[in-house]
Number of protein chains: 2
Amino acid sequence: MTRTGTAREKILAAAIKLVRAKGFTATTVDDLCVEAGVTKGAFFHHFASKEALGAAAAEHWSKMTAAFFAEAPYHQVADPLGRLFAYIQFRRDILRGELAEFTCLAGTMVQEVYAAHPVIGAACNASISDHAATLAPDIAAAMCERGLDPDGSTTGWSAESLALHTQAVLQGAFILAKAKGGPTIAEESVEHLSRYIRLLFTVAEPSRSAP
Amino acid sequence: MTRTGTAREKILAAAIKLVRAKGFTATTVDDLCVEAGVTKGAFFHHFASKEALGAAAAEHWSKMTAAFFAEAPYHQVADPLGRLFAYIQFRRDILRGELAEFTCLAGTMVQEVYAAHPVIGAACNASISDHAATLAPDIAAAMCERGLDPDGSTTGWSAESLALHTQAVLQGAFILAKAKGGPTIAEESVEHLSRYIRLLFTVAEPSRSAP
DNA sequence: ATTTCAATACCAACCAGTTGGTATGTTTGT
DNA sequence: ACAAACATACCAACTGGTTGGTATTGAAAT
């Protein structure tokens, strides 16, 4: 496939940049072509429609973030629960710089398109759910270590639901950051999340008090 | 001013309905006029621009929700902390029916327009922040009852930050609901929030264990 | 090694429909 | 009479998408 993918990837990169800043609908095909430095012909050669580009961008985003988090330092923590806290701390550390840089493409897009473009919505859901799924095993392991059922029969909450809650807090934090014009409140919200999980596992094992 | 406001309010109602379902950018002025049953002339008589309509819609939303929550039954609970839990339970009970019915206009809009339309963004921020501000006094009172400083000097978190975190969880829950196509996960996330606050205040007053 | 061939990648110009917005009315209440 | 509330008709700019075409490729045929 030669050097193919050049234009395609430039368009995808442009989509991630522009959609995060302006939203999907407000980002026009021409905007994307200018940002990517390609012509409209090239755009519609690689993507059947703007909707298809949206779905492809969500998938690309999913792969990019998966690789980004797979290489993140929090994986070096041996203890599952410690790794979870390191993950949250890592997410908090990212909340710096411009809003459009730490914000989630999938969360931004799905709000706009969930009704009008179910295809894009599904891709966004996959991105968020797949990322949450990378946290569930550590949560489940931490629960098991403390004699809790990961399916929630002893606690009322499952490892999966806590993993998704983690993402809900982050997505909500992004909204507040956009509303307030800065990441400060987002950081505080992530700190609340960290405190919640600490309490959750501190109560579960009262023999070891909080450090 | 006679029966004035008829068209204006019909347009605002249309905006709240359509923007929640389709987003701000994807909702056209013509869409709004058709939904409201008015002509374009009437639209631009009442609103200087689509942007002005967006800001007015956010303000209208803020007033509507303020009135809605002011009359909600959770205010009948005497205890401040109990009232907070009743509020969260109330928010959870609302998560029924169609997505566009329980979703927050301000949170939906601010994601799209925070960069391109700061005027609308500011109105959305006011809506969210003002609503959070109605919770802070109860949280502060509950903290004081337990000897905690509402500014966070004893706990590391302030009443205001917890109030905003509450909204972050709700906003994030809405995103997950849209992504997953149903409110189930949103409910679970709100339950996590409730559990967090219970733990927060249970630990603070260990003499009274959870009910 | 060169030619052939089909596929892929890409481009400039164009199109029909839609966009937010306006100019110019007409109606209605006081 | 007068102003506010609304309606009709219209527009320039832009929208996503298409057209017909060229440039570049890799593999097969010669």
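Model, not experiment: these values are computed from the prediction. Protein chains get the first letters and strands the later ones, always in sequence-line order, with residue 1 at the start of each.
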Sequence neighbours excluded, the answer for ring pair (Phe, Tyr, Trp, His ring centres under 6.0 Å) partners of A/Phe85 is none
If you count the non-hydrogen atoms of other residues, nucleotides and ligands that lie under 6.0 Å from NZ in A/Lys17, is the total more than 12? no
Without decimals, in angstroms, what is the distance between B/Ile11 CD1 and D/dA5 C1'? 11 Å
Considering only D/dA7, D/dC6, C/dC10, which nucleotide approaches the side chain of B/Ala7 most closely? D/dC6
Sequence neighbours excluded, which residues qualify as ring pair (Phe, Tyr, Trp, His ring centres under 6.0 Å) partners of A/His165? A/Tyr196, B/His192
Report the distance from atom NE2 of B/His45 to atom P of C/dT27, rounded to the nearest whole Å. 17 Å
Length of the line joining A/His46:NE2 and C/dA7:P, which is rounded to integer Å: 18 Å
Indicate, with yes or no, if the rings of A/His131 and A/Phe68 have centres closer together than 6.0 Å. no
Measure from the side-chain N and O atoms of A/Glu112 to the backbone N and O of A/Phe24, and report whether any donor-acceptor pair falls under 3.5 Å. yes
Write out a two-atom table: protein N or O, nucleotide N or O from nucleotides 19-22 of chain C, distance below 3.5 Å.
unit_1, atom_1, unit_2, atom_2, d
C/dG20, OP1, B/Lys50, NZ, 3.2
C/dG20, OP2, B/Val29, N, 2.9
C/dG20, N7, B/Lys40, NZ, 2.9
C/dG20, O6, B/Lys40, NZ, 3.2
C/dG21, OP2, B/Lys50, N, 2.8
C/dG21, O6, B/Lys40, NZ, 2.8

Measure CZ/A/Phe47 against C1'/C/dA9 and give the value in whole Å, please. 13 Å
Between the main-chain N or O of A/Leu170 and the side-chain N or O of A/Arg91, is there a donor-acceptor pair closer than 3.5 Å? no
